[in-house]
J.: 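Okay, here's the structure, questions in a sec.
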Amino acid sequence: MPELSAKEQERYSRQIGPGVLTLEGQLCLKRSTALVARAGGVGGPAATVLVMAGVGRVIIAHGGRLASPDLNRQVLGSEEGLGQPRAEGFAQRLRSLNRFVAVEAVDHELDDQEALALARQADVILSCAPSFAERMRLNQAAIAAGVPLVDAAQWGMSGSLVVVRPRQTACLACLYPQQPEFEELFPVVGGISSALGSLAGLEAIKILARTGEPMYGRLWSIDAYHARTSIVHLRRNPHCACCGSENPEAEAQS
Amino acid sequence: MNVSLTMTGRGYPAAEGLPANLTLADGATLDEALQALAALVPAGKAPDGNCLVAVSGRHLGTVRDHQPHVLRSGDELLLMAPMAGG
């Protein structure tokens with residue numbers, strides 16, 4: 001069983017204390033694995049938060065090469081990285097933040113089998129993908145593996161955060177029974193991406209460290225454009241194709 | 001009665017110029033509120049059927065498929081158009 005070294009305790013000393021993490025919670029983080037699918041505008045800050053907090057193993061999945069329009073929000077990128085594969089470049093940046101964390105990179109979008117295989121290795125999944133198809137794939141993998149899912153989404157200066165406890169609270173397919181058509185290239189300002197990514201990372205830390213009250217079963221809508229925020233208590237769909245208790249196919253997979 | 005209106009997510013600029021409150025008959029339903037809203041927005045800008053619908057923090061489904069609900073004065077009607085990460 002891994003213990004926290006004196007150097008690690010020093011590193012994390014500012015986050016261990018009343019109302020934050022206990023020493024045991026910090027150890028839970030060290031023993032944990034987080035899967036961050038897409039490490040761009042949202043997932044990059046999320047992965048950063050996890051690595052800096054001391055989650056023992058962080059797996060990022062991100063395909064493609066860094067392009068100039070990415071740099072308005074993808075905080076793990078840099079001018080020097082333009083044209084380079086994103087996954088390994090982002091992983092190197094994350095490794096430079098914390099020597100006590102193992103960062104692994106997958107250099108492409110996960111398919112169904114890969115998502116499920118990695119979900120089974122993970123203690124939490126952070127869905128930060130720009131397409132509904134990929135978000136639903138991660139949702140399906142999380143439900144099948146019984147792993148909590150933190151989903152963050154954005155548009156313009158607005159965003160949402162949903163935390164799913166498989167088969168206990170509403171999943172993404174409960175919210176969107178029909179997958180919406182959605183353009184992958186949409187307007188967004190990096191400030192909202194980073195805010196949502198950081199909050200997604202914080203939810204994952206609470207889950208992994210067993211501290212605070214994770215936002216299970218709720219949706220946090222943040223409309224920074226109009227400076228408004230709302231909490232929505234989500235309704236689980238008993239007929240959900242993914243997690244529905246009254247859906248024979250979904251039940252058979254549980 | 002008045003129901004406050006929040007439209008967020010993809011396409012929130014379409015909500016510019018809309019009143020902050022919908023004025024409805026007492027006992028109006030969610031469907032009646034959505035019809036009143038559709039009459040206020042420009043042609044082609046009506047909320048997408050996949051918009052998530054919530055009333056005063058309670059999730060009721062999507063614009064296309066939601067639970068019936070009777071509104072009360074002071075309720076907040078939230079419509080959140082689909083968004084994604086990236």
Side-chain angles (χ1 to χ4, degrees), chain A residues 37-38 40-43 46 70 73-74 126-135 138 151-160 170 174-188 193 196-197 200 217-219 221-226 228-237, chain B residues 2-22 30-31 33-34 37 40-41 44-72 74-86:
Chain A
R38 301 293 188 115
V42 176
D70 298 334
R73 67 198 182 284
Q74 297 194 3
L126 287 87
S127 156
C128 307
S131 74
F132 265 84
E134 193 171 347
R135 289 170 72 198
L138 294 163
D151 177 85
Q154 60 181 357
W155 195 97
M157 294 189 194
S158 67
S160 67
C174 293
L175 302 189
Y176 300 104
Q178 292 180 296
Q179 193 168 298
E181 290 184 16
F182 197 83
E183 70 280 18
E184 194 157 332
L185 296 176
F186 50 85
V188 65
S193 315
L196 286 160
R218 282 172 280 174
L219 178 149
S221 165
I222 300 171
D223 180 347
Y225 186 80
H226 296 104
R228 286 192 295 231
T229 182
S230 307
I231 295 283
V232 176
H233 294 263
L234 297 173
R235 180 176 62 96
R236 197 174 165 212
N237 178 3
Chain B
N2 284 327
V3 171
S4 71
L5 173 65
T6 298
M7 293 176 67
T8 187
R10 177 172 61 173
Y12 61 72
E16 290 297 309
L18 290 179
N21 294 292
L22 289 175
L30 173 58
D31 280 328
L34 293 175
L37 175 62
L40 291 174
V41 298
K45 299 288 186 184
D48 181 280
N50 288 303
C51 279
L52 184 146
V53 179
V55 174
S56 296
R58 182 178 162 204
H59 171 221
L60 294 172
T62 61
V63 165
R64 181 186 296 116
D65 182 15
H66 52 262
Q67 291 182 318
H69 187 81
V70 176
L71 298 166
R72 291 187 297 190
D75 271 343
E76 181 205 22
L77 172 59
L78 172 76
L79 298 178
M80 196 189 83
M83 295 181 276

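Naming convention: chains lettered A, B, ... in sequence-line order (proteins, then strands); numbering from 1 in each chain. Keep in mind the model is a prediction, meaning the values are calculated, not measured.
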J.: Check the pair A:Q178 / B:N50 against side-chain contact (heavy atoms from CB on, under 4.5 Å), numbers first and verdict last.
T.: CA-CA 7 Å; A:Q178 292 180 296; B:N50 288 303; 4.0 Å; yes
J.: Check whether A:E181 gets within reach of chain B through its side chain, its backbone, both or neither, counting any heavy atom under 4.5 Å.
T.: backbone
J.: Can you list the residues that meet the ring-ring contact (aromatic ring centres under 6.0 Å, His included) rule with A:F132, with sequence neighbours excluded?
T.: A:Y176, A:F182
J.: Is it the backbone or the side chain of A:L175 that comes under 4.5 Å from a heavy atom of chain B, or both, or neither?
T.: both
J.: Could you check whether atom CZ of B:R72 has more than 12 heavy atoms from other residues, nucleotides or ligands sitting under 6.0 Å from it?
T.: no
J.: Checking heavy atoms, do the side chain of A:R218, its backbone, both or neither come under 4.5 Å from chain B?
T.: neither
J.: Test of understanding: with ring-ring contact (aromatic ring centres under 6.0 Å, His included), list the residues that count as partners of B:Y12, not counting sequence neighbours.
T.: A:W155, A:Y225, A:H226
J.: Which one wins on heavy-atom pair count under 4.5 Å against chain B: A:R38, A:R135, A:R73, A:E134?
T.: A:R135
J.: Can you tell which part of B:R10 gets under 4.5 Å to a heavy atom of chain A, answering side chain, backbone, both or neither?
T.: both
J.: What residue in B:V55, B:L60, B:D48 has the most heavy-atom pairs under 4.5 Å with chain A?
T.: B:L60
J.: What part of A:R235 gets within 4.5 angstrom of chain B, counting heavy atoms only: side chain, backbone, both, or neither?
T.: both
J.: Give, as side chain, backbone, both or neither, the part of A:S131 having an atom under 4.5 angstrom from any heavy atom of chain B.
T.: backbone
J.: Give me the atom names and distance for the closest heavy-atom approach of A:S160 to B:M80.
T.: CB-SD, 3.9 Å
J.: Report which part of A:L196 has an atom under 4.5 Å of a heavy atom belonging to chain B: side chain, backbone, both, or neither.
T.: neither
J.: Mark yes or no for whether A:H233, through its side chain, and B:G57, through its backbone, hold a donor-acceptor pair below 3.5 Å.
T.: no
J.: Checking heavy atoms, do the side chain of A:S193, its backbone, both or neither come under 4.5 Å from chain B?
T.: neither
